[in-house]
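These notes concern the structure reproduced below.
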Protein chains: 2
Amino acid sequence: MTSHNKPPTLQDVARDAGVSCNTASVVLNGSRSNTRVSEATRERVIRAAANLSYVPNAMARGLAQKRTQAIGILFGVAAGSTDYVTNPYMTGILQGVLEAAGDAGHCVTIYTQGWVSAKVSAPLFRDGRTDGVLVIAPPATADILSGLSALGIPLAAVACEAEVLNIPSADVDNRAGVELVVRHLIHLGHSRIALITGEADMSSTALRTDAFTSAMRDAGLQPDRQLYARCNYSGEGAERAFLSLWNMQDRPTAIFACNDAIAAGVARAARSIGAAIPDELSLVGFDDVPTASMVTPSLTTVRQPLQMIGAEATQMLLGRIAGEVYPATPRLFSPALIVRESTGKVCSR
Amino acid sequence: MTSHNKPPTLQDVARDAGVSCNTASVVLNGSRSNTRVSEATRERVIRAAANLSYVPNAMARGLAQKRTQAIGILFGVAAGSTDYVTNPYMTGILQGVLEAAGDAGHCVTIYTQGWVSAKVSAPLFRDGRTDGVLVIAPPATADILSGLSALGIPLAAVACEAEVLNIPSADVDNRAGVELVVRHLIHLGHSRIALITGEADMSSTALRTDAFTSAMRDAGLQPDRQLYARCNYSGEGAERAFLSLWNMQDRPTAIFACNDAIAAGVARAARSIGAAIPDELSLVGFDDVPTASMVTPSLTTVRQPLQMIGAEATQMLLGRIAGEVYPATPRLFSPALIVRESTGKVCSR
DNA sequence: ATGAAAGCGCTAACAC
DNA sequence: GTGTTAGCGCTTTCAT
């Protein structure tokens with residue numbers, strides 16, 4: 001009906017209730033002197049507020065108490081790129097973040113500017129818009145965490161090396177995930193197992209590579225460095241990586257791709273040259289994105305509880321904002337191996 | 001280094017530059033009286049600000065000028081649900097929103113509380129946290145648009161009936177998309193074409209159903225109401241819908257599913273009972289989500305420029321906030337038919 | 001060309 | 001129990 005009417009202020013509530021601003025504030029906040037307000041007054045205030053559909057102005061409140069009830073989220077990607085929101089890993093995390101933040105009554109603000117450098121970007125996060133920032137999977141080479149941390153901004157992170165900076169973080173248990181994969185493949189009789197990793201500067205790359213090497217050793221297999229290839233987590237370069245492995249004289253019988261996008265690229269490349277999965281080549285991915293179950297052959301992969309990881313990191317951030325202290329070691333979540341059609345017994349040829 | 005240091009204020013800048021707060025403000029904002037500041041002063045201020053890595057406090061600025069440089073985004077879903085962020089349609093739109101907002105230097109705040117009712121939820125959007133709200137694909141039955149509009153909150157929308165409320169909106173040209181589908185199928189020789197729609201209260205359902213009926217008529221075909229089925233856009237119920245169609249004595253030779261998730265459900269159900277796609281049944285989806293190209297058989301579908309739609313709606317919202325006026329008729333974007341493997345010539349049996 | 005002063009809406013000391 | 005006062009950091013008239 002009445003359009004463009006200004007939102008009611010605390011003053012309006014106070015006036016309608018016949019009390020001072022202060023009293024209204026105290027009542028509505030349920031703050032300390034809560035009990036020192038007569039029932040009658042309290043009720044009048046509450047009623048007046050309800051009648052006006054009063055909602056406190058977040059800016060004013062934020063200014064006064066230096067708390068905004070909002071957290072910021074920063075995806076560890078280059079400035080200008082917004083692909084992250086369509087990436088199933090990121091959106092899985094984001095869902096957990098939104099849930100946890102929502103439960104705590106906080107809004108989630110996405111900083112749209114992207115990271116340039118600590119010098120340029122970090123100060124932007126001191127604009128008082130958010131109470132803290134959640135950093136998702138930043139490249140190890142970026143100075144995001146150190147830059148924000150140096151300014152004293154409350155922080156939590158997902159999937160990265162945050163321990164040295166004493167920043168609470170959550171992640172999948174990469175080592176456990178890789179072990180599930182390697183054991184599964186070995187159980188199927190594979191011994192020449194190749195690894196295709198993503199970007200070198202992602203913490204998961206180092207963790208998964210290490211874990212892979214260890215798991216192979218633990219199984220009594222000599223890891224062959226020739227069987228380690230690299231491309232991008234986006235899947236870009238997966239075909240080339242696959243071909244280089246496939247064209248070896250002693251080609252692998254199985255490939256562990258460090259995420260499902262890479263695995264999809266490998267599957268496509270394999271099909272295009274007529275390499276049969278899983279008959280000639282077993283393939284495993286990581287993440288269990290929705291597509292993994294829909295492709296043919298469906299993809300054996302490692303599922304990580306993205307939502308839980310995002311929620312946990314958010315809760316730690318909210319805790320940190322409230323002054324709590326967390327251990328610096330990342331909170332790890334157990335992965336699960338989802339066996340589908342892309343892996344099979346090693347072919348005897 | 002120095003942790004927990006408070007962010008520099010305008011005062012700090014002014015002090016360092018040896019000017020008053022006011023002057024510093026004027027210089028840094030490049031506001032009107034811009035020219036009435038001496039070069040020397042201006043430079044000192046700028047330098048001081050740079051040295052301090054000064055960033056204006058968004059709360060204070062927001063309070064003073066009633067503009068926050070942030071837009072809110074509200075996905076038209078039930079309270080408590082956060083699935084939307086993992087839905088490719090929503091994330092495609094979101095990507096466009098983030099880009100357009102980022103280009104304009106605005107943050108994007110996701111309201112995490114979900115919509116309950118106009119009475120309960122609308123006032124929350126008057127908390128001054130954002131300058132306006134973008135509403136994405138709300139159900140026609142929800143009072144989101146009317147509720148927010150009644151409070152005078154600047155609004156723009158995606159994929160909904162916003163015309164009566166005079167709210168600018170953007171969407172794919174549903175009619176054109178459906179026509180592409182129907183013509184394609186008819187061209188392949190199909191005449192018994194079934195339609196499976198999503199929720200009845202989504203604007204796209206009515207639009208696509210209407211367009212389908214018209215397109216059939218235009219082609220000289222009598223649309224058969226028996227061939228209209230319904231399920232959810234999530235794909236839930238698609239199997240049942242498919243079976244009911246498939247078990248008719250005079251079953252359809254083609255199915256147009258109103259989105260790719262529904263089409264995926266149909267494909268799964270068809271496979272499970274051994275109905276061959278496209279030999280016995282042609283199948284078309286809508287949206288062209290990433291999975292559409294990866295499944296077997298790959299899905300013929302209608303691609304909509306989600307990013308552009310999201311970006312356009314965002315620009316209109318920003319325009320509205322700035323006082324611009326837009327026509328109430330939705331801005332429509334052309335879809336494209338992506339022909340893949342799931343459609344083929346009608347089988348002569 | 002620059003500064004002083006008021007106020008945005010709220011909270012939090014402190015008086016009464 | 002309740003009201004008064006003084007900011008939070010910034011913008012914006014209005015003087016000078």
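Chain identifiers are assigned alphabetically (A, B, ...) following the order of the sequence lines, protein sequences preceding nucleic acid strands; residue numbering begins at 1 within each chain.
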If you only use heavy atoms from C-beta on, which nucleotide in [options] is closest to the side chain of [X]?
| X | options | result |
| --- | --- | --- |
| B:Leu63 | D:dG9, C:dT11, D:dT11 | D:dG9 |
| B:Ala64 | C:dC10, D:dG3, D:dT11 | D:dT11 |
| A:Leu10 | C:dG3, C:dC10, C:dC8 | C:dC10 |
| B:Val37 | C:dT2, C:dC8, C:dC10 | C:dT2 |
| B:Val26 | C:dG9, D:dT12, D:dG9 | D:dT12 |
| B:Gln65 | C:dT11, C:dC10, D:dT12 | D:dT12 |
| A:Asn57 | C:dT2, C:dG9, D:dT11 | C:dG9 |

Roughly how many Å is it from [atom1] in [X] to [atom2] in [N], rounded to a whole number?
| X | N | atom1 | atom2 | result |
| --- | --- | --- | --- | --- |
| B:Leu28 | D:dT12 | CG | C1' | 15 Å |
| A:Asp127 | D:dC8 | CG | P | 19 Å |
| A:Lys66 | C:dC10 | NZ | P | 18 Å |
| A:Met59 | D:dG9 | CE | P | 15 Å |
| A:Arg126 | D:dG9 | CZ | C1' | 14 Å |
| B:Arg15 | C:dT2 | CZ | C1' | 19 Å |
| A:Arg67 | C:dT11 | CZ | P | 13 Å |
| A:Glu43 | D:dG1 | CD | P | 16 Å |

State whether the distance check finds a donor on one side and an acceptor on the other, under 3.5 Å, for side chain A:Asn22 versus base D:dT4.
yes
Is any side-chain N or O of [X] closer than 4.0 Å to OP1 or OP2 of [N]?
| X | N | value |
| --- | --- | --- |
| B:Thr23 | C:dG3 | yes |
| B:Lys6 | D:dC8 | no |
| A:Thr41 | D:dT2 | yes |
| A:Ser25 | C:dC10 | no |
| A:Thr9 | C:dC8 | no |
| A:Tyr54 | C:dC10 | yes |

Please say which of B:Pro139, B:Pro330, B:Pro138 ends up in a side-chain contact (heavy atoms from CB on, under 4.5 Å) with B:Cys160.
B:Pro138
Checking B:Val27, B:Thr41, B:Val37, B:Val26 against B:Val19 for side-chain contact (heavy atoms from CB on, under 4.5 Å), the one that qualifies is B:Thr41
Closest-nucleotide ordering on DNA chain C, the 5'-leading residue of B:Arg44 and A:Arg61
B:Arg44
side-chain contact (heavy atoms from CB on, under 4.5 Å) between B:Asn57 and A:Asp127: does it pass, once the steps are laid out?
CA-CA 5 Å; B:Asn57 180 295; A:Asp127 66 357; over 6 Å; no
Take the angle between the ring planes of A:Trp115 and A:Phe125 and call it parallel below 30°, perpendicular above 60°, tilted in between.
tilted
From the list B:Tyr111, B:Tyr84, B:Tyr89, ring pair (Phe, Tyr, Trp, His ring centres under 6.0 Å) with B:Phe75 holds only for B:Tyr84
Quick check: closest heavy atoms across A:Thr86 and B:Gln95, and the distance to 0.1 Å?
CG2-OE1, 3.2 Å
